[in-house]
Amino acid sequence: MSDGIDLRKMRFLPDSITMPFKRDGLDPLPDLARVRAEAPVTRLTELFGKGIWLVSGYDEARAALADRSSYSHDIRQFVSMEGRSASEQIGGLGMTDPPDHTVLRRYLTPEFTRHRLARLEPAIKAVVDARLDAMAAAGPVVDLVEQFAFPIPFEVICELLGLPVEDRDDFRRLGVARFDLAQGGVGIFGSAAHTREFLIRSVAAQRGNPGEGLIGALLRDHGDDLDDVTLGGLADGVFLGGYETSASMLALGTYLLTENRGAMELLRSDDGAATRVIEEMLRHLTVVQVAFMRFARHDVELGGQHIKAGDVVGISLLGANRDDLLSPGADRFDPTRPPTRHLAFGHGMHRCVGAELARMELVIALRSLAERFPDLEVAAAPDDLDFRKMSAVYGLESLPVHLYGHALVDCGA
Ligand code: HEM
């Protein structure tokens with residue numbers, strides 16, 4: 001821990017810092033565009049004697065993400081570990097610096113190649129079809145978040161990791177609170193400890209008898225080099241990266257499709273068009289609103305600003321992806337837009353390791369949904385939709401939908 005800062009003890013975060021984590025429906029608050037226009041690299045405030053910076057321009061965000069030497073990801077310097085057990089040590093790939101990051105990432109990368117992921121495709125299709133059947137049975141009005149958006153990525157991650165079916169309910173309960181910034185540092189780190197602990201136990205249980213998933217594969221190939229805590233932390237990083245993000249994309253993506261019937265049709269038409277719809281959706285929604293915090297290792301110039309050693313740098317991926325420099329009218333969702341680069345999966349050495357899996361999952365799930373329920377409509381007035389108030393991963397708490405349309409009539413609204 002450095003300079004007496006302990007994020008675990010912070011129950012409230014200052015407003016200037018929380019602005020990039022808030023939205024109006026699917027869109028960033030107008031303040032984000034204003035700040036980006038005034039200065040794409042802005043000093044928001046000071047906390048515990050450190051400058052807190054926001055990077056919101058596309059070029060500046062990409063440059064910071066690509067800079068391998070100027071920033072540390074190691075948030076552990078701001079979190080007291082006194083009296084904490086091994087399972088409470090926070091970590092995972094996203095919060096680890098080279099050389100450890102390089103070593104750990106090398107273990108994971110082979111498990112996420114297209115070739116290895118192809119083995120998951122039938123499982124993903126089966127999970128999606130089962131959810132669509134369950135929705136049809138429960139309908140015509142269902143909560144899409146509960147019935148579709150969360151269960152699909154959850155089952156996919158469990159398949160990927162190779163978690164036994166009988167353990168999955170316990171694991172599910174631990175997953176949700178961890179991204180909720182409304183609880184300040186305490187909520188985030190408290191629940192993080194629980195999922196890690198669960199996965200460390202799961203690794204220990206598989207050590208004598210490795211299963212078919214990623215945990216088993218890593219135990220078979222590198223079991224002697226990876227202790228239970230390290231491998232549990234790695235698995236937790238995969239869970240952290242893959243669950244809530246994909247769930248949010250499915251929920252917000254469905255909402256976006258109901259508002260853009262043309263995109264819904266494009267999604268059904270052919271593989272190429274479906275891929276383009278999903279890519280534009282990733283850019284427009286940018287559910288990981290701000291990348292992992294970066295900490296300046298030394299004084300660094302970025303976007304004409306002087307960031308001091310030790311300062312904290314937040315990179316607004318949403319701000320960058322809505323920058324008109326990237327594509328004219330970037331604030332609009334336009335699935336016919338020419339292919340556009342974006343930072344929804346980050347960039348550089350910490351770029352999302354699960355990007356191909358996420359794309360595969362989104363195309364299969366949303367395309368199947370659009371084929372099965374082409375007239376699906378949201379069964380609530382826009383003002384009643386329950387968007388997350390403030391969270392690292394943006395999303396919807398619930399999304400009532402009518403599977404066959406005419407939602408408001410049937411709901412008596
Ligand atoms: C649409 C869904 C997803 C989105 C939008 C997304 C977004 C991101 C972003 C923006 C980062 C980089 C953060 C940074 O540089 O600070 C990241 C990293 C990561 N993601 Fe994803 N992700 C998604 C799905 C997944 C999936 C399905 C997995 C695995 C099953 C995954 C695993 C990871 C891991 C392990 C990292 C850390 C990589 C590193 O630090 O080297 N993500 N993700």
Side-chain angles (χ1 to χ4, degrees), residues 55 61-62 64-68 71-75 91-109 111-113 116-117 120 123-124 149-150 152-163 175 179 199 213-215 218 231 233-253 278-295 312-321 342-366 392-395:
V55 182
R62 197 163 191 275
L65 292 166
D67 186 337
R68 298 174 69 94
Y71 306 99
S72 164
H73 277 220
D74 194 350
I75 199 172
L93 218 46
M95 293 175 188
T96 306
D97 290 334
D100 290 351
H101 176 266
T102 321
V103 174
L104 293 174
R105 179 129 182 162
R106 209 173 283 146
Y107 289 126
L108 276 191
T109 317
E111 297 301 318
F112 286 92
T113 57
R116 286 286 288 159
L117 292 176
L120 283 178
I124 298 178
F150 269 94
I152 291 172
F154 180 79
E155 288 297 331
V156 171
I157 294 272
C158 289
E159 290 288 330
L160 174 84
L161 293 176
L163 295 184
F179 298 94
L199 287 165
L214 183 146
I215 290 176
L218 290 179
L231 184 39
L234 208 51
D236 192 41
V238 167
F239 167 71
L240 168 75
Y243 178 39
E244 190 101 359
T245 45
S246 309
S248 289
M249 276 300 299
L250 288 175
L252 295 174
I278 298 300
E279 217 49 41
E280 171 70 353
M281 200 179 254
L282 282 161
R283 181 195 70 81
H284 186 76
L285 296 174
T286 311
V287 294
V288 177
Q289 317 206 76
V290 178
F292 283 114
M293 289 300 152
R294 266 79 171 159
F295 309 99
V312 181
V313 180
I315 302 170
S316 169
L317 301 177
L318 180 64
N321 281 344
H342 64 74
L343 299 176
F345 289 119
H347 176 66
M349 70 177 174
H350 285 280
R351 183 179 181 276
C352 182
V353 82
E356 286 312 314
L357 174 60
R359 287 185 166 119
M360 186 166 109
E361 195 174 328
L362 290 172
V363 170
I364 294 174
L366 290 177
V393 179
Y394 193 61

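Quantities reported herein were computed from a predicted structural model and do not represent experimental measurements. Both ligands and their constituent atoms are indexed starting at 1 by order of listing.
Residue-ligand proximity: Met349 is placed with a non-hydrogen atom under 4.0 Å from ligand 1. Residue-ligand proximity: His101 is placed with a non-hydrogen atom under 4.0 Å from ligand 1.
Nearest to atom 13 (C) of ligand 1 among the protein's heavy atoms is Phe292 CD1, 3.8 Å. The single protein non-hydrogen atom nearest to atom 23 (C) of ligand 1 is Thr245 OG1, 3.4 Å, given as residue, atom name and distance. Regarding atom 28 (C) of ligand 1, its nearest protein heavy-atom neighbour is Gly242 CA, 3.4 Å. Closest to atom 15 (O) of ligand 1, if we only count protein heavy atoms, is Arg294 NH2, 3.1 Å. Of the protein's non-hydrogen atoms, Cys352 CA, 3.5 Å is the one closest to atom 18 (C) of ligand 1. Of the protein's non-hydrogen atoms, the one nearest atom 25 (C) of ligand 1 is Gly241 O, 3.3 Å. When hydrogens are left out, the protein atom nearest atom 36 (C) of ligand 1 is Val353 N, 4.3 Å; that is the closest non-hydrogen contact. Among protein heavy atoms, the minimum distance from atom 6 (C) of ligand 1 is reached at Phe345 CD2, 3.7 Å.
Between the His347 side chain and the Ala66 main chain, no donor and acceptor come within less than 3.5 Å of each other. Under a 3.5 Å cut-off, the side chain of Thr245 and the backbone N or O of Gly241 do form a donor-acceptor pair.
Below 4.0 Å from some heavy atom of Leu317 lie the following atoms of ligand 1, by number and element: 10 (C). Residue contact check: Ala358 has heavy atoms under 4.0 Å from atoms 1 (C), 2 (C), 24 (C) of ligand 1. When each atom of ligand 1 is checked for a heavy atom of Gly237 under 4.0 Å away, the hits are 35 (C). The distance from ligand 1 to the heavy atoms of Leu160 drops below 4.0 Å at these ligand atoms: 30 (C). Near Met249, meaning under 4.0 Å from any of its heavy atoms, are these atoms of ligand 1: 1 (C). Taking every heavy atom of Gly94 and a limit of under 4.0 angstrom, the matching atoms of ligand 1 come to 40 (O). If you number the atoms of ligand 1 from 1 as listed, the ones under 4.0 Å from a heavy atom of Leu357 come out as 30 (C). Those atoms of ligand 1 with a heavy atom of Ala291 less than 4.0 angstrom away are 14 (C), 16 (O).
Both the backbone and the side chain of His350 come within 4.0 Å of ligand 1, judged by heavy-atom distances. Residue contacts with ligand 1, taken as heavy atom pairs separated by less than 4.0 Å, do not involve Glu361 at all. With a 4.0 Å cut-off on non-hydrogen atoms, Leu240 does not touch ligand 1 at all. Counting heavy atoms closer than 4.0 Å to ligand 1, residue Val156 contributes nothing at all. Under 4.0 angstrom from ligand 1, there are no non-hydrogen atoms of Thr286. With a 4.0 Å cut-off on non-hydrogen atoms, Ala344 touches ligand 1 through its backbone and not its side chain.
Remark: Arg68 CZ is loosely packed, at most 12 non-hydrogen atoms of other residues, nucleotides or ligands lying under 6.0 Å away.
In summary, the aromatic rings of Tyr243 and Phe239 are positioned with their centroids under 6.0 Å apart.
For the pair Leu285/Tyr394, no side-chain contact is recorded, criterion being any heavy-atom separation below 4.5 Å from C-beta on. With a 4.5 Å cut-off on side-chain heavy atoms, Leu117 and Leu120 count as touching. Here the side chains of Ile157 and Leu163 are not in contact, with every heavy-atom distance at 4.5 Å or above. Leu218 places a side-chain heavy atom less than 4.5 Å from the side chain of Leu108. When side chains are defined from C-beta on, Ile124 counts as touching Leu357, because their heavy atoms get closer than 4.5 Å. Under the 4.5 Å side-chain criterion, counting only non-hydrogen atoms from C-beta, Leu234 is not in contact with Leu199. Side-chain contact between Arg359 and Phe345 is present, with at least one heavy-atom pair separated by less than 4.5 Å.
Residue-to-ligand polar distances keep Arg351 apart from ligand 1: every N/O pair is separated by 3.5 Å or more. For ligand 1, the polar-atom distance check against Arg105 finds a nitrogen or oxygen pair separated by under 3.5 Å.
Counting all heavy atoms, side chain and backbone alike, Ser246 lies closest to Glu361 at CB-OE2, 3.8 Å. Shortest non-hydrogen contact noted between Ala320 and Ala61 is CB-CB, 3.8 Å.
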